[in-house]
Amino acid sequence: KAGVTQTPRYLIKTRGQQVTLSCSPISGHRSVSWYQQTPGQGLQFLFEYFSETQRNKGNFPGRFSGRQFSNSRSEMNVSTLELGDSALYLCASTEDSAYNEQFFGPGTRLTVL
Amino acid sequence: GDSVTQMEGPVTLSEEAFLTINCTYTATGYPSLFWYVQYPGEGLQLLLKATKADDKGSNKGFEATYRKETTSFHLEKGSVQVSDSAVYFCALSDRNQGGKLIFGQGTELSVKP
């Protein structure tokens with residue numbers, strides 16, 4: 001099976017812009033989670049989608065949003081970008097259940113100037 | 001809330017040395033515990049997992065035992081190699097929170113020949 005893919009791999013934006021990141025999970029996986037990784041805050045959970053519904057949400061402002069499509073592909077959107085949004089955004093997929101292994105994609109490196 | 005604490009790095013070892021990376025957790029329920037590894041420029045890969053107390057996860061010479069009495073999940077390897085140089089993350093997930101993973105801050109391991 002192909003692994004989790006994320007596009008684009010690198011992105012440079014300026015403050016105030018918005019950005020959309022895409023994640024394609026492993027075939028058959030219905031759960032997609034998003035994480036933000038920064039040197040200062042480490043790995044933080046953004047949200048999880050399962051069968052097109054947001055099942056869980058982390059402590060991020062409303063500028064961060066996401067959605068999942070019927071084929072389980074997911075997108076996350078960040079509006080009104082701030083310098084502090086510069087990070088590696090990781091997507092992970094799993095079949096379902098908290099005890100299943102989550103498979104991570106390579107991430108999208110977002111730089112906000 | 002649930003949390004994970006792991007020893008700070010960086011940890012520098014010589015090849016064939018013994019490795020221990022400490023990890024302790026706080027959880028209200030009965031979490032599953034994981035160790036993930038991140039190589040430079042890549043996403044996270046699951047190294048090993050344990051889903052209940054006294055379970056031992058093992059993979060590629062790495063081991064960790066789920067200790068409920070000490071709320072710990074320390075990572076060990078008897079003889080490290082240069083190729084083990086990476087950042088290691090301890091994480092937990094709670095069935096009641098779906099696919100959400102809570103990560104420790106990560107420990108950077110550098111193995112010198």
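Atoms considered below: every heavy atom in the structure, side chains included; atoms not considered: hydrogens, waters and symmetry mates. Each chain gets a letter, A, B and so on, in the order its sequence line appears, and its residues count up from 1.
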Answer with yes or no whether the hydrophobic clustering places [X] together with [Y]; edges join I, L, V, M, F, W, Y residues whose side-chain heavy atoms lie under 4.5 Å apart.
X	Y	value
B/Phe89	A/Tyr89	no
A/Tyr49	A/Phe64	yes
B/Ile21	B/Leu47	yes
B/Val4	B/Phe73	yes
B/Val11	B/Val37	yes

Going from CG on A/Leu90 to CG on B/Leu101, what distance comes out if it is rounded to the nearest 0.5 angstrom? 11.5 Å

B/Lys49 NZ to A/Glu101 CD distance, which is reported to the nearest 0.5 Å: 6.5 Å

Which portion of [X] sits near chain B, non-hydrogen atoms under 4.5 angstrom:
X	answer
A/Leu46	neither
A/Arg109	neither
A/Leu43	both

Check whether more than 12 heavy atoms from other residues, nucleotides or ligands sit under 6.0 Å from atom NZ of B/Lys52, and answer yes or no. no

Residue A/Arg15 excluded, over 12 heavy atoms near CZ under 6.0 Å: no

For chain B, which of A/Gln37, A/Gln41, A/Gln44 has the most heavy-atom pairs under 4.5 Å? A/Gln37

Interface residue of largest heavy-atom contact number with chain B, from A/Phe47, A/Phe50, A/Phe103, A/Tyr35, under 4.5 Å: A/Tyr35

Can you tell me which portion of B/Gln105 sits under 4.5 Å from chain A's heavy atoms? Options are side chain, backbone, both or neither. neither

Contact part of B/Gln45 toward chain A, heavy-atom cut-off under 4.5 Å: side chain, backbone, both or neither? neither

Quick check against the 3.5 Å criterion: does B/Tyr36 have a side-chain atom that pairs as donor or acceptor with the backbone of A/Phe104? no

